[in-house]
Structures are given as C-alpha cells and as structure tokens.
Amino acid sequence: MSIEKLKDRYLLISKYNTAAALLQWDFETHMPKKAADKRADVIGEISTKAFELSVSDEIGELIKEAEKENLNEIEKAIIKVGKKEYEKFKKIPPELFKEFNIETAKAQSSWEEAKNKNDFNIFKPHLEKVVELTKKMADYLSYKENRYDALLDLYEPGLTTAELKKIINPLKKFLVDYLKKLDNGKKPISIMKGYFPVEKQKELSLKALKLMKYDFDAGRMDISMHPFTTTIGFNDVRITTRYNENDLNDSLYSTIHEGGHALYEQGIPEEFYGLPIGDGASMAIHESQSRFWENIIGRSLEFWKYFYNDLIEIFPEFKEYTPEDIFKAVNLVERSFIRTEADEVTYNLHIMLRFEIEEALINDNIEVKDLPEIWNKKMKEYLGIIPENDSEGVLQDVHWAHGSFGYFPSYMLGNLYSAQFYYKMKKDIPDLNTKISHGNLHPALIWLRENIHSKGKIYEPVELVKIVTGESLNPEYFINYIENKYNMVYEL
C-alpha cells in the first residue's frame with residue numbers, strides 16, 4: 001500500500017533529522033569553538049538531504065496514491081499534515097535551503113561571540129545574510145498581503161499578521177495600564193538574588209524536573225548560553241539550562257520552562273514518531289506547555305508550599321522566609337531588560353517589541369544596521385528603560401541567528417493558550433491546587449497528556465484549542481489570570 005511506503009519514507013527522513021539534531025545539540029553544548037564553520041557545513045549538508053527527500057517527487061506521488069486508499073483516522077491525519085507541508089516546502093529551492101542552514105549555523109557562532117564581547121558589529125554581517133535569505137524563503141513560500149505572514153505560518157499555521165495585531169493591541173493596553181496600577185501596590189521584597197553556587201542550583205533544578213515527571217531515562221540536562229529543548233529522536237528529548245551565580249530565578253525557571261517543552265515531546269505517542277504528526281500542534285501550543293509549567297505551576301503559591309522544603313534543604317538561608325514570601329518574590333514585577341528573566345506582566349511587552357521589529361525588517365521598512373538604535377527606542381516606549389549595552393539589548397536572544405523570524409509571537413500566544421488550558425484543567429480537576437500544594441503534579445501532567453500531548457500534530461492550533469476548551473483563543477483568560485494573581489501578590 002502507498003500509505004505504508006509513505007510512512008517508510010518519512011521514517012527515513014527522520015533519521016537524517018535525528019543526525020542533524022544531534023549535531024546541532026553538540027554545536028550548542030560541547031563542540032570546540034574552532035569547529036564551528038566546518039560543523040555548519042555538515043549540518044547544512046545533512047539538513048538539506050532530509051529536505052530534498054521531504055519534497056521529492058516520490059513523496060508527492062505517494063501522497064497522491066495514498067489519498068485514494070481506505071485510511072484510518074491517524075493515516076488521514078498523516079496525509080493531511082504531510083500534504084500541506086509538502087506543498088509548502090516544495091516551493092523552496094534545495095540550494096536556498098542549504099545556504100540558509102549553513103548561514104544560520106555560522107550566524108549562531110558569531111552571535112555568541114558578539115554577545116560575549118558586547119559588539120553588535122560582529123553579528124551584523126551574518127544577520128544581514130540571514131535576513132536576506134529569510135526574505136527569499138518567505139517570497140518562495142508566498143503570501144497575500146504581508147511577507148511576514150509566510151513566516152508566521154511556519155510557527156502558527158493559519159494565523160496572519162493582521163489577526164495577530166488584533167490580539168496584541170487590546171492586550172498591550174491592558175498590560176501597560178496594569179503595570180502602572182502595580183506601582184501603587186505593595187512591592188515584594190527581592191530575595192532571589194545573592195550568591196548561589198552552581199552545583200547547588202543544579203541540584204535544585206534537577207529536583208524540579210523530577211517533581212514534574214521529566215523522564216531522565218529518555219533525556220538529559222546540559223548547559224548552553226541560551227536554554228533550549230531538542231528532540232534527537234524517540235526517547236531522546238534533551239534540555240539545556242544556564243546558571244547565574246547571582247540569581248536563583250534564572251536557572252530554576254529556565255529549567256522548568258524547558259522541562260515543559262520536553263514533557264510535551266515525551267508525551268507524543270510512539271506510533272507518531274518520525275511522521276508528519278509526530279510533533280507539537282504549533283510553536284505557540286508548545287510554548288503554552290513551557291509557560292504553563294514555568295509560570296502557572298512553578299510560580300504558584302501552591303507549588304512553593306511544597307517545594308519550599310526542597311529549597312531550604314539546598315539553600316538553608318531561605319529558612320528566614322515563608323513559602324508566601326518566596327511566592328511573592330518569584331513574582332516580583334520589574335521593568336527589566338532581559339526577556340527570559342521577565343515577569344508575567346511585562347513578558348508579553350518584550351514579545352510585542354520583537355514582533356514589531358521583525359515585521360518591519362522582513363518588509364524592508366528598517367535595516368539590520370539600525371537595529372540597536374530601534375531596539376533601544378522601543379524599550380523606552382514599552383517599558384520606560386534603555387539598555388546600557390547591546391548584550392542586554394538587541395543581542396540577548398539567539399532566535400534571529402537561527403533565522404527564526406515569526407517565532408517570537410509564539411511566546412505571547414503560548415501565554416494566552418496556557419491560561420485558557422489552565423481554566424479548563426481546573427474545571428476538570430476541582431482539587432488541582434490542593435494536589436499541587438502536596439507535591440502531586442501528576443494529575444496536571446495526565447490532563448495535558450490526554451488533551452494535548454497525545455494529539456501530536458493531528459490538529460492545527462485553532463482546532464485544538466476549540467476541542468480542548470470548547471471555544472476559540474480568548475485572551476480574557478490570561479487577563480483574568482494576571483489580575484487575580486498579581487492583585488494577590490501586590491495586595492491590591
């Protein structure tokens with residue numbers, strides 16, 4: 001049968017993707033710095049081979065033939081997703097795809113150097129190449145009105161820039177106004193900064209991952225400059241974190257965030273592996289999982305009522321504080337420079353800033369050389385602060401080095417999805433908060449597995465959120481969540 005032959009071809013492609021993923025993971029964790037250029041070539045070659053196979057005429061013919069067969073629901077989903085991706089990526093010339101992968105690998109290396117040396121000019125020529133290649137890709141992918149739509153669709157299928165702006169505009173107004181309201185509240189004391197040895201931070205992070213039920217027999221944790229999660233293959237989902245000896249929040253919440261991504265990947269059914277449906281529904285749904293664990297669980301009072309004992313076992317200096325003190329401290333709202341360290345109230349403002357820059361850059365309204373100045377102006381506009389240097393400004397994220405234009409909105413959308421899922425989860429598990437306060441996070445994981453993880457990529461995000469919650473994406477759940485939580489934190 002053609003469907004079986006098609007599955008075999010997809011599984012072959014997945015082996016190339018596994019090799020490329022492993023090389024990329026090593027690139028960002030253990031590879032010697034001098035190996036970067038040659039490694040970039042190898043990653044580009046293997047990724048291109050997988051790409052060529054995925055858009056081959058053979059795959060196209062097998063999809064056509066399989067459509068005529070008597071398929072079960074899972075097989076129909078494989079064809080639906082596979083056909084859409086085939087028709088989309090068939091438009092991109094393999095030589096452009098190869099050049100893009102090589103240049104983004106090189107750009108990543110230059111970004112690390114530029115960030116370490118606080119010198120945007122080191123990164124600028126590489127970013128200019130990546131932007132030009134990204135625009136070419138977008139033009140091949142095609143769009144109706146806005147070139148950015150072609151890129152946005154890669155991460156959040158079906159969403160347009162115009163629709164995204166309709167979500168952003170009222171949310172932006174709420175966040176800016178609410179941020180001012182918090183200025184009149186009782187600000188929590190800052191107790192998460194000090195001196196915290198790396199080995200002890202690692203111990204705490206591992207305890208958090210174990211509490212979340214991250215499967216270490218099917219994964220591992222390493223260190224990288226920018227934390228990430230990668231699926232090398234089935235039963236091999238790896239995460240990285242980073243450590244700041246002067247800030248306990250950084251490593252703990254980076255770890256929990258990546259652990260949320262990893263739980264999603266570890267929960268996708270084995271029979272989906274290597275097939276078009278063997279992935280998350282979208283990057284925003286993926287981010288909903290990481291932000292759910294990081295913020296809704298990890299920054300909740302219930303979580304700290306239980307995890308407090310683990311904290312004081314490793315860092316006894318926190319004994320002078322209560323779980324309520326810790327809860328308030330980890331939810332301190334500040335107008336800060338670094339997105340990954342931003343609180344839930346200001347975080348989406350960081351995303352809106354990046355979205356505006358990306359859209360303008362991709363549509364030729366601004367140039368790469370002007371990014372540091374534009375970045376600083378927007379930070380002043382959104383948060384009332386200006387970075388002292390480019391490392392805490394325009395150079396802080398690795399995404400543009402990866403060529404991941406269109407990805408940043410996923411973080412904001414993920415926050416919105418997570419709040420909506422949480423509301424439904426609490427309806428389905430009335431004593432959820434009590435369970436969390438006793439260290440039982442398993443019911444939350446089971447709910448996510450049943451409703452989201454087990455679906456893989458069968459449904460697009462618009463379909464999935466409606467199936468799970470009974471309605472379309474509704475930002476009001478996030479707004480209510482923020483108000484309820486931070487009114488308590490700031491005693492408003």
Side-chain angles (χ1 to χ4, degrees), residues 188 191-193 196 201-214 221 227-229 239-244 247-264 266 286-315 318 321-334 338-348 411 414-415 417-419 421-423 425-426 429 432-445 447-448 478 481-482 484-486 488-489:
I191 59 177
M192 304 306 284
K193 295 187 186 296
F196 308 101
Q201 289 194 52
K202 181 178 180 182
E203 188 179 349
L204 188 67
S205 290
L206 290 173
K207 280 183 177 290
L209 287 175
K210 289 173 183 175
L211 187 62
M212 295 166 62
K213 305 298 183 186
Y214 171 71
M221 182 176 75
F228 67 94
T229 301
I239 70 168
T240 69
T241 190
R242 64 183 175 201
Y243 299 102
N244 179 346
D247 187 348
L248 189 57
N249 274 344
D250 196 359
S251 65
L252 177 61
Y253 286 106
S254 291
T255 301
I256 295 175
H257 179 98
E258 298 306 331
H261 280 303
L263 288 176
Y264 193 175
Q266 289 183 340
H286 232 303
E287 290 300 334
S288 78
Q289 302 305 285
S290 58
R291 301 295 284 176
F292 171 83
W293 287 102
E294 176 191 355
N295 293 326
I296 293 177
I297 297 292
R299 283 190 164 93
S300 69
L301 177 57
E302 291 76 19
F303 175 83
W304 280 108
K305 282 180 178 178
Y306 178 82
F307 202 62
Y308 174 77
N309 290 328
D310 290 309
L311 175 68
I312 62 175
E313 178 186 336
I314 298 171
F315 295 105
F318 283 100
Y321 303 108
T322 66
E324 288 76 12
D325 292 331
I326 306 298
F327 160 67
K328 290 185 176 182
V330 300
N331 287 294
L332 175 65
V333 175
E334 292 184 302
I338 308 301
R339 172 187 64 84
T340 56
E341 299 171 13
D343 54 84
E344 291 178 276
V345 178
T346 62
Y347 186 92
N348 286 335
Y411 289 112
N415 287 330
Y417 281 128
S418 68
F421 290 145
Y422 177 52
Y423 178 81
M425 184 186 292
K426 286 195 297 180
I429 313 173
L432 176 64
N433 287 342
T434 301
K435 291 179 184 298
I436 294 170
S437 67
H438 288 93
N440 184 8
L441 309 187
H442 203 223
L445 178 58
W447 189 94
L448 294 171
F478 177 76
Y481 162 76
I482 290 293
N484 291 335
K485 180 176 184 176
Y486 286 90
M488 178 169 61
V489 172

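- Between T346 and E334 the shortest side-chain heavy-atom distance does not fall below 4.5 Å.
- The aromatic rings of F318 and Y321 sit tilted relative to each other, their planes meeting at an angle between 30° and 60°.
- By the side chain to side chain contact (heavy atoms under 4.5 Å, CB included) test, L301 pairs with K305, E324, F327, sequence neighbours left out.
- The two atoms that bring W304 and P323 nearest to each other are O-CB, 3.7 Å, heavy atoms only.
- The shortest non-hydrogen separation linking I256 to M212 is O-CE, 3.6 Å.
- A side-chain donor from one of K485 and Y481 sits under 3.5 Å from a side-chain acceptor of the other.
- The nearest pair of heavy atoms linking V489 to P188 is CG1-CG, 3.7 Å.
- Of the candidates Y264, F228, Y417, F292, H286 forms a ring-ring contact (aromatic ring centres under 6.0 Å, His included) with just one, namely Y264.
- Nearest heavy atom pair, residue F421 against residue S288, reads CE1-OG, 3.6 Å.
- Side-chain contact of R291 with Y411: a donor-acceptor pair under 3.5 Å is absent, judged by distance alone.
- You'll find the side chain of T240 stays beyond 4.5 Å of the side chain of M221, heavy atoms only.
- Put simply, the side chain of S254 never gets that close to the backbone of S251: no donor and acceptor are under 3.5 Å apart.
- By the ring-ring contact (aromatic ring centres under 6.0 Å, His included) test, F478 pairs with no residue at all, sequence neighbours left out.
- The backbone N or O of T229 lies less than 3.5 Å from a partner atom in the side chain of E258, making a donor-acceptor pair.
- If you look at Y306 and H438, their ring centroids are not closer than 6.0 Å.
- Here the options are I326, I312, L204, the test is side-chain contact (heavy atoms from CB on, under 4.5 Å), and the partner is F307; only L204 passes.
- Under the 4.5 Å side-chain criterion, counting only non-hydrogen atoms from C-beta, H442 is in contact with L445.
- Here Y243 contributes atom OH and Q201 contributes atom CD; the two are 7.5 Å apart, rounded to the nearest 0.5 Å.
- In this structure, NZ on K207 lies 12.5 Å from CG on L252, to the nearest 0.5 angstrom.
- Shown here for S418 and I296, the closest heavy-atom pair between the two residues is O-CD1, 3.6 Å.
- If you check the side chains of N415 and N348, you find a donor sitting under 3.5 Å from an acceptor.
- Side-chain polar atoms of Y486 and N331 form a donor-acceptor pair below 3.5 angstrom.
- For the atom pair NZ (K328) and OG1 (T322), the distance works out to 8.5 Å, reported to the nearest 0.5 Å.
- Between F196 and F315, the distance from one ring center to the other falls under 6.0 angstrom.
- A donor-acceptor contact closer than 3.5 angstrom links the side chains of T241 and T255.
- Rounding to the nearest 0.5 Å gives a distance of 5.5 Å between CD1 of I191 and CG of D325.
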Residue pair L448, W293: steps toward the side chain to side chain contact (heavy atoms under 4.5 Å, CB included) verdict: CA-CA 11 Å; L448 294 171; W293 287 102; 3.6 Å; yes
Candidate pair L332 and D343, rule side chain to side chain contact (heavy atoms under 4.5 Å, CB included), full reasoning: CA-CA 7 Å; L332 175 65; D343 54 84; over 6 Å; no
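- Atom NZ of K193 and atom CG of N249 lie 7.0 Å apart (nearest 0.5 Å).
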Stepwise salt bridge (Lys or Arg N to Asp or Glu O under 4.0 Å) check, E344 with R299: CA-CA 10 Å; E344 291 178 276; R299 283 190 164 93; 5.8 Å; no
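- Scanning all heavy atoms of the two residues, the minimum distance from E302 to N433 falls at CG-O, 3.3 Å.
- With no hydrogens or angles considered, a side-chain donor-acceptor pair links E287 and H261 at under 3.5 Å.
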Test side chain to side chain contact (heavy atoms under 4.5 Å, CB included) applied to Y422 and L432, step by step: CA-CA 10 Å; Y422 177 52; L432 176 64; 3.9 Å; yes
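- Side chains of T340 and R242: a donor-acceptor N/O pair is present below 3.5 angstrom, by distance only.
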